[in-house]
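Read the structure below first, then the notes.
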Amino acid sequence: MVRLTIDGRMIEVNDNLTILEAAQLHHINIPHLCYLKDLNEIGACRICMVEMKGKDKLITSCNTLVQEGMELYTNSPKVRETRRMNVELLLSQHDCECAYCSRSGNCSLQTIANDLGITKLSYEKQVSYLPWNKNFPLQRESNKCIKCMRCIQICDKIQNLNVWDVCSTGSRTTVNVSLNRKIEEADCSLCGQCITHCPVNGLHTRDDTEKVFDALNDPDKICVVQIAPAVRAAWGEGVGLSREAATIGKMACALRRMGADYVFDTDFAADLTIMEEASEFIERLSHPDQATMPMFTSCCPGWVRFLKSQYPDMVAHLSTSKSPHQMFGAIIKTYLAETLHVDPNKLFVISIMPCVAKKHECDIVNINDANAGKDVDVVLTTREFVRMLRAEHIAIETLVDEPMDQPISHASGAGVIFGATGGVMEAALRSAYYFVTGKNPDADTFESVRGMEGCKAQNFTINGTTLSCAVVSGLGNARKLMEALRKKEVHYDFIEVMACPGGCSGGGGQPIHDGKELASIRANALYALDAKETIRYSHENPDIQKLYQEYLGEPLSEKAETLLHTDHFGWDMPSGK
């Protein structure tokens with residue numbers, strides 16, 4: 001332990017902390033932009049500079065360790081003057097379009113500039129505009145990039161895809177797609193982690209809210225909205241509601257006020273996914289001479305993009321089951337259309353997802369099997385939904401819980417936990433156990449696959465057969481697993497992979513809180529919802545049972561294969577065609 005003084009306060013901290021960490025521990029705020037703990041501690045932005053007594057030059061607090069007897073000032077006249085100059089220099093190369101920027105009010109640069117009282121610039125504006133494909137789900141605006149390098153470090157160190165790199169030199173230095181590629185040529189998984197860790201709006205998702213507003217106001221369209229499991233654990237963050245108060249029922253209420261005709265819970269389709277995927281797993285396991293093992297889950301389109309680009313020889317290991325929202329899109333435009341006696345071409349399906357990759361997924365030509373245009377017409381992120389709430393001037397405090405629409409209103413707790421890493425595995429094993437033994441396990445039998453560890457392995461015995469399972473989140477961890485599989489260092493029967501660390505709860509479309517990782521907190525909220533559900537097994541969902549009885553027949557039937565499964569070899573990566 002060492003003792004030091006910060007802004008006149010004597011504190012005692014561990015000697016392996018940086019000045020910034022020590023200050024944060026004692027609720028002393030030191031502004032910073034480029035810093036990400038253990039990932040980006042390069043002092044590039046120079047905003048976190050502090051003054052040390054006895055030293056002429058200011059020092060960066062993010063990468064300077066504390067020392068015994070230090071006397072530091074975080075906001076002295078010298079610090080304020082230097083910090084103000086550095087922020088003004090950043091603003092001189094930043095297109096300050098705050099009034100119509102999707103990060104307005106949630107931008108670290110904007111906050112710091114406001115705190116410094118900057119109302120004019122002392123430097124000439126020199127803003128760079130580089131071309132970008134406006135149709136691509138991930139958008140970059142060079143005119144807003146502050147060269148903090150966070151996107152590079154997240155993509156390199158966490159996701160291990162190296163999509164971003166520094167280009168040009170001197171005053172022209174910026175960040176762009178690596179190897180002089182266009183983004184649509186890169187092996188980007190569209191996980192969106194670079195977006196959620198960008199402190200400004202240099203990176204963001206393609207805005208599809210206008211498409212949805214147009215559809216909601218088109219009298220010839222029947223708008224059907226589905227809400228992903230992880231969204232309910234996060235949307236309240238953007239409107240000031242606690243996780244307990246921000247229910248899916250209130251989302252349904254808001255969407256109907258916006259003009260939605262039907263609102264459904266994607267948890268239903270998660271249950272449907274389990275029926276198909278668990279059945280497929282048992283089928284593969286029963287015929288090892290004909291099957292490609294281990295079987296990988298296919299719920300995450302970011303993971304599918306990663307596998308197709310990095311390990312194309314292992315694509316056959318993917319379950320052929322579509323992701324839940326794509327399954328639901330196909331069911332909406334077939335079963336639901338028939339049940340409601342409406343023209344499926346009039347149905348406009350909107351998915352509210354915690355994900356950027358699903359914006360690409362719904363455009364894959366061979367994933368659309370309902371013969372009524374795209375099975376899912378548009379995907380909105382959680383952030384886009386919150387912006388639409390504000391645009392519609394909906395008074396959040398007036399929202400009430402409303403039920404999902406018939407005839408697909410039920411969902412199980414197993415479907416809810418799809419939003420957390422390990423949730424798909426746990427839900428699948430609950431039903432696989434039933435399919436094999438004819439009886440339900442305790443609902444929490446497989447809870448050992450829960451947790452935020454990047455890779456978890458566990459063996460389970462079902463009816464005398466031992467299954468070796470693995471759960472992975474984060475593509476850097478996925479690469480480690482894939483390399484171990486190739487080298488035959490490990491063996492698994494069933495593997496769940498989610499592109500985003502923590503799974504969909506930490507998805508690239510979720511609300512952004514700079515410097516905070518909330519995937520674990522959101523996941524715990526989903527597990528709490530599961531524990532409260534009266535139905536905790538996908539196969540016990542009465543609406544699922546009715547769907548198979550009236551329409552699909554049974555899991556893996558010909559109709560189920562047509563609507564709920566897909567050919568992962570039917571499109572190329574990265575083009576998506």
Side-chain angles (χ1 to χ4, degrees), residues 226-231 264-284 295-304 318-332 334-335 349 351 353-355 357-358 361-362 367 369-370 375-376 379 408 410-435 446 449 469 471 494-499 503-504 507 526 530 535-541 543-548 551-552 554-557 559-568:
Q226 58 169 312
I227 303 166
V231 173
F264 297 117
D265 191 342
T266 311
D267 287 1
F268 166 85
D271 287 335
L272 186 59
T273 301
I274 289 305
M275 296 297 288
E276 295 297 320
E277 197 165 72
S279 298
E280 182 184 358
F281 175 61
I282 293 171
E283 181 70 16
R284 290 196 189 197
M295 189 178 89
F296 301 147
T297 59
S298 54
C299 300
C300 173
W303 150 242
V304 172
L318 281 169
S319 162
T320 61
S321 299
K322 294 179 181 178
S323 66
H325 89 117
Q326 286 295 153
M327 282 194 181
F328 213 161
I331 292 299
I332 287 169
T334 53
Y335 172 71
V349 179
S351 295
M353 299 284 128
C355 181
K358 285 182 170 65
E361 182 188 28
C362 71
I367 207 167
D369 299 303
D375 292 351
V376 172
V379 171
I408 307 171
H410 290 93
S412 77
V416 173
I417 61 176
F418 259 58
T421 175
V424 178
M425 176 69 71
E426 186 174 352
L429 290 173
R430 288 181 192 178
S431 288
Y433 187 99
Y434 174 80
F435 293 157
F446 308 106
V449 298
C469 304
V471 172
F494 193 16
I495 300 174
E496 176 202 308
V497 184
M498 294 293 170
C504 301
L526 297 178
D530 168 41
I535 302 172
R536 298 188 67 188
Y537 306 89
S538 297
H539 56 271
E540 290 190 346
N541 182 336
D543 289 338
I544 288 288
Q545 294 171 351
K546 183 180 178 182
L547 174 64
Y548 278 102
Y551 195 70
L552 293 175
E554 61 182 6
L556 307 183
S557 68
K559 184 169 282 189
E561 289 283 355
T562 299
L563 293 177
L564 309 181
H565 294 255
T566 189
D567 176 14
H568 296 297

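F435 CZ: more than 12 foreign heavy atoms inside a 6.0 Å radius.
For the atom pair CD1 (I367) and CG (D567), the distance works out to 10.5 Å, reported to the nearest 0.5 Å. In this structure, OG1 in T566 is found 6.0 Å from NZ in K322, a value given to the nearest 0.5 Å. Annotation: the span from C355 atom SG to M498 atom CE amounts to 10.0 Å, rounded to 0.5 Å. Taking OG1 of T266 as the reference point, atom CG of L272 lies at 11.5 Å (rounded to 0.5 Å). Distance NZ/K559 to CD/E554: 13.0 Å, rounded to 0.5 Å. Interatomic distance, S431 OG to E277 CD, rounded to the nearest 0.5 Å: 11.0 Å.
When side chains are defined from C-beta on, S412 does not count as touching Y537, because their heavy atoms never get closer than 4.5 Å.
Residue R430 comes nearest to H539 through the heavy atom pair O-CE1, 4.0 Å, listed as atom of the first residue, atom of the second, then distance.
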Derivation of the side chain to side chain contact (heavy atoms under 4.5 Å, CB included) call for F264 and I331:
CA-CA 12 Å; F264 297 117; I331 292 299; over 6 Å; no
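Between the side chain of E496 and the backbone N or O of M425, at least one donor-acceptor pair lies under 3.5 Å.
Applying the salt bridge (charged side-chain N to carboxylate O under 4.0 Å, His left out) rule to R284 yields the partners E280; only residues at least two apart in sequence or on another chain are considered.
Ring planes of W303 and F296: perpendicular class, angle over 60° (limits at 30 and 60°).
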